[in-house]
S.K.: 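Sending over a structure as structure tokens; questions will come in a sec.
Every value quoted in this text rests on a predicted model; they were computed, and no experiment measured them. Residue numbers begin at 1 in each chain, while the letters A, B, ... track the order of the sequences.
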Amino acid sequence: MDESRTEERYEPATIEPRWQAFWEKDDTFRTPPMPREGKKLYVLDMFPYPSGAGLHVGHPEGYTATDILCRAKRAQGFDVLHPMGWDAFGLPAEQHAIATGTHPATTTQKNIDNFRRQLKMLGFSYDWSREVDTTDPEYVRWTQWIFLQLFDKGLAYQDEIKVNWCAALGTVLANEEVIDGKSERGNHPVVRVPLRQWVLAITKYADRLLEGLDHVEWPSSTRTMQREWIGRSEGAEVVFGVKGQDATIEVFTTRPDTLFGATFMVLAPEHPLVAAITTDTQRAEIDRYVAASKNKSDLDRQSSKEKTGVFTGGFAINPVNGAEVPIWIADYVLMGYGTGAIMAVPAHDTRDFEFAKAFDIPIVQVVSTDGASSTLDEAMTEYGVAVSSGKYDGMKTADMKAAITADLEAEGKGKKRVEYKLRDWVFSRQRYWGEPFPIYFPVETEGDPATSDPRKGDAHVIRFDQPIAVEVSELPVRLPETDDFQPGDDPAGVLARLADWRFFQKDGKWFARETNTMPQWAGSCWYYLRFCDPHNGELAWSPEAAKAWLPVDLYMGGAEHAVLHLLYARFWHMVLYDQGLLPVPEPFTKLVHQGIILGDVEYTDPEGNRHPASAVTKTKDGKMVLEADPSVVIEAKAHKMSKARGNVVNPDDIVRDFGADALRCYEMFMGPLEASKPWSTDSIHGVKRFLDRCWRLAKDAKDTAPDDATLRTMHKTIAKVTADIDGLRFNTAISAMMVLSNDLQKAGAPKAGVEVLAQLLHPFAPHLGEEMWSLLGREASIQKVEWPVADPKLLVDDEVEVPVQINGKKRGVLVLSKDADQDTAVAAAKADERLAELLAAGTLRKTVWVPGKILNFIVG
RNA sequence: GCCGGGGUGGCGGAAUAGGCAGACGCAGGCGACUUAAAAUCGCUCGUGGUGACACGUGCGGGUUCGAGCCCCGCCCUCGGCACCA
């Protein structure tokens with residue numbers, strides 16, 4: 001036991017809790033209620049779902065990145081809003097309740113406490129006084145209030161939507177939980193049953209949501225995904241007559257110019273006209289096909305691309321030429337898009353081409369690249385000029401689209417139309433653990449309302465067609481207490497059978513509460529707004545607070561939320577903006593996705609056995625093989641972390657073994673923030689050694705002035721690290737600090753240099769930063785010290801090394817003054833014995849001189 | 001199939017207005033200190049060659065004095081979408 005020696009070492013386990021306690025007591029990271037003019041910065045992490053498993057190493061990646069930025073920006077004089085909270089409604093807690101009987105609120109609270117402990121352990125500079133929890137009734141109050149804003153504006157409505165009902169599990173399943181018509185868990189049959197649901201009219205905002213993407217600094221891949229999800233498509237609606245009937249069929253097409261090539265029509269099996277059009281001889285076969293497609297989910301329908309379909313026996317009349325074309329039904333036409341019916345132009349549409357081939361339907365070419373027609377081996381989908389199209393022959397595709405649409409419109413046989421892939425948002429769930437809807441319905445009882453009681457099962461009718469909003473003053477509508485979370489035989493879920501909560505009397509009349517709950521998206525759609533003013537008891541947020549802090553300047557979170565969460569949040573934001581409740585039209589100015597951290601690389605032989613890295617070697621032709629037996633080829637691959645694979649890394653273990661600062665720095669040093677990267681516990685050692693060296697530099701700092709070279713390195717590092725933090729290039733920032741620490745050590749630890757290192761390092765390794773500052777004899781907290789500024793004069797060296805090439809190959813290096821001209825450089829090169837010799841070997845044809853960069857002689 | 005991102009030493013990665021490829025770190029090798037080990041420090045470390053040199057950024061072409069970076073054609077890989085008329 002040598003106590004003096006342990007004192008001489010960097011001990012994160014001692015210093016980290018000490019500084020965390022200091023920050024807490026000092027309230028170092030408290031955000032001012034209002035920022036100073038022009039000094040606000042709102043940096044937001046996507047808040048986590050507090051799962052029972054706790055934090056994994058993926059969480060701290062994005063959190064550390066934003067924490068570094070926030071700490072640096074505070075030191076640069078910004079008022080930074082950097083809050084954290086919990087997206088705490090969700091299915092796992094309810095499933096846990098079903099399995100164990102523990103109330104979801106209890107489980108959730110426990111998990112939140114564990115998450116908070118872990119985040120504090122990592123030293124993040126959140127303003128914990130602004131913490132929000134989406135399950136807190138004070139938060140739910142305002143989630144419900146926002147729903148009422150949507151309801152009042154007619155943006156929330158009810159509809160019958162088919163859900164995946166699994167009777168055996170007694171629950172409604174999400175699409176991804178259904179495989180081949182069976183439940184993923186238990187393999188029980190799943191049927192599609194229509195259920196009354198709340199739907200939000202997000203499609204009314206489709207164009208706004210699309211247009212807004214042009215004004216945000218988001219990854220282009222994410223913007224593209226949102227654009228494709230919205231799926232705006234311009235075309236025309238064309239009306240076809242039905243032979244021998246009064247009925248008409250409307251179709252949507254983006255290629256009205258190919259109307260002359262329509263050789264058949266296809267209706268979706270669910271299309272309302274199918275029964276009327278079908279002839280008696282075809283009816284049996286049609287009924288069979290319709291029944292078969294009825295139980296298929298969209299997913300199943302799309303799993304096979306083989307074209308199937310049945311002829312109805314009916315014929316449609318082409319509005320431009322009166323041609324009679326057969327009407328088919330086929331499930332490659334979706335009822336949910338366009339009109340549920342298409343004009344099929346096999347010559348110019350790949351799917352129609354396949355169908356025509358399968359059922360031997362004529363293919364008529366009406367667009368051609370050169371004006372001639374020929375037999376097509378595949379659909380010709382490119383634009384060209386019209387052929388076999390009557391008076392339109394010779395017109396270019398784009399022109400003909402406009403012309404024929406106008407002509408159809410004039411005759412009342414069609415018009416311009418815009419379609420979207422985006423569907424309205426099904427906003428209700430048949431669950432317990434979610435926000436109740438602030439809605440109730442009148443109940444009609446059979447007898448006298450005073451004596452009949454729907455709670456006891458007396459006959460009654462709930463008038464779902466007459467929804468009534470709960471008074472704002474009565475919010476929140478709380479979840480009823482219960483200990484029964486078991487699935488039941490009613491798809492409507494747990495709340496529907498809690499009759500004492502569901503039914504109530506007012507003014508002598510019976511009413512029934514809405515028993516659906518909101519999806520998990522609801523709470524996460526507006527948490528960034530509540531953070532501006534989290535304790536407001538009168539309003540969801542004050543206009544002043546919103547104006548001061550919005551928009552979010554940087555939003556950090558996983559790419560898995562690229563579409564849904566970010567689209568839903570933007571939608572709510574726009575609705576609230578339209579009501580004058582928000583100061584800006586888009587919520588998140590800049591968005592960054594941190595990459596996924598994969599498990600440590602695994603070396604696997606063809607039999608699936610794993611080998612240690614040291615047993616593997618690379619052959620000359622680049623194959624990985626077993627060193628002991630080169631005939632065994634090894635696959636080296638980093639896999640996604642998963643419990644099943646057993647490669648999950650727990651931050652608690654890493655902090656225990658290396659410290660929070662080492663974990664933070666390692667995750668930033670691994671590679672670019674947005675790239676997915678394999679974890680390597682081995683590599684943390686290097687980062688830990690670096691932090692160790694920094695600690696010793698502070699401990700051993702000498703009161704000597706840094707020499708000129710060290711001074712230049714200090715200032716270059718200040719410039720590099722400052723710029724890299726702004727650009728979120730933390731890996732290169734750390735490598736620059738490693739260079740500085742190595743230089744400072746060689747230079748004998750001059751105090752001024754170590755102070756700069758501590759300041760630059762503290763956003764990355766905040767505990768060590770504070771500790772170094774204190775070892776250097778300075779007062780806490782380093783967070784309150786102004787960020788260092790580089791002296792531009794010290795950023796450029798007076799002398800530079802310029803490589804000299806002969807015919808593009810490096811043959812030497814010249815040391816020249818930084819503004820040497822070509823003549824000086826050439827003279828210096830000729831003065832070099834070796835270079836002169838090489839130059840003399842041929843005729844000089846050309847000299848390339850890039851000042852300060854390169855000198856290249858072309859010799860022939 | 002379509003749309004994006006990416007292929008650089010044994011490993012993670014650095015370097016793009018086209019200008020010394022491999023910064024920084026891991027692993028490895030040699031050495032110093034130590035009774036020894038750990039820790040620390042120093043040197044070394046793309047491949048071939050004693051060396052001068054030659055070859056090297058997924059593959060094949062091209063542009064250029066000069067290409068990891070730009071252009072054309074492929075291969076692999078990771079994400080997303082997938083009958084949207």
S.K.: Run the salt-bridge test on A:D207 and A:R232 with the 4.0 Å N-O cut-off and return the result as yes or no.
M.R.: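 Salt bridge flag = yes for A:R232 with A:D207.
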S.K.: Could you check whether A:I858 gets within reach of a base, just the sugar-phosphate, or nothing at all, counting any heavy atom under 4.0 Å?
M.R.: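 Result for A:I858 = sugar-phosphate.
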S.K.: Pick base, sugar-phosphate or nothing for A:S680, based on heavy-atom distances below 4.0 Å to the nucleic acid.
M.R.: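 No contact.
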S.K.: Scan A:K637 against the nucleic acid and name what it touches under 4.0 Å (heavy atoms): base, sugar-phosphate only, or nothing.
M.R.: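 Sugar-phosphate contact only - A:K637 comes under 4.0 Å of backbone atoms but never of a base.
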S.K.: Over all strands shown, is A:S233 touching base, sugar-phosphate only, or nothing at heavy-atom distances under 4.0 angstrom?
M.R.: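 Sugar-phosphate: the residue A:S233, judged by heavy atoms under 4.0 Å, touches backbone atoms but no base.
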S.K.: Under 4.0 Å between any heavy atoms, over every strand shown, what does A:F669 touch: base, sugar-phosphate, or nothing? Just pick one.
M.R.: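 It contacts base atoms.
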S.K.: When the ring planes of A:F730 and A:F764 are compared, do they come out parallel, tilted or perpendicular, using 30° and 60° as the limits?
M.R.: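 Taking A:F764 first and then A:F730, their aromatic rings stand perpendicular (interplane angle over 60°).
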S.K.: Look at all strands and tell whether A:N742 reaches a base, only sugar-phosphate, or nothing, counting heavy atoms closer than 4.0 Å.
M.R.: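 Touches sugar-phosphate only.
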S.K.: Taking atom P in both B:rA17 and B:rC71, what distance in whole Å separates the two?
M.R.: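 Straight-line distance between the two P atoms is 15 Å.
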S.K.: Any base atoms under 4.0 Å from A:R845, or only sugar-phosphate, or nothing? Heavy atoms, all strands.
M.R.: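 The answer is nothing, as A:R845 stays clear of every strand by at least 4.0 Å.
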S.K.: Report yes if at least one side-chain N or O of A:N731 is closer than 4.0 Å to OP1 or OP2 of B:rA14; otherwise report no.
M.R.: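 Answer is yes, contact under 4.0 Å.
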S.K.: Is A:P219 touching bases, backbone alone, or none of the nucleic acid, heavy atoms closer than 4.0 Å?
M.R.: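 Nothing, no heavy atom under 4.0 Å.
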S.K.: By the 4.0 Å heavy-atom rule, please label A:R834 as base, sugar-phosphate, or nothing.
M.R.: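 Sugar-phosphate, backbone atoms only, no base.
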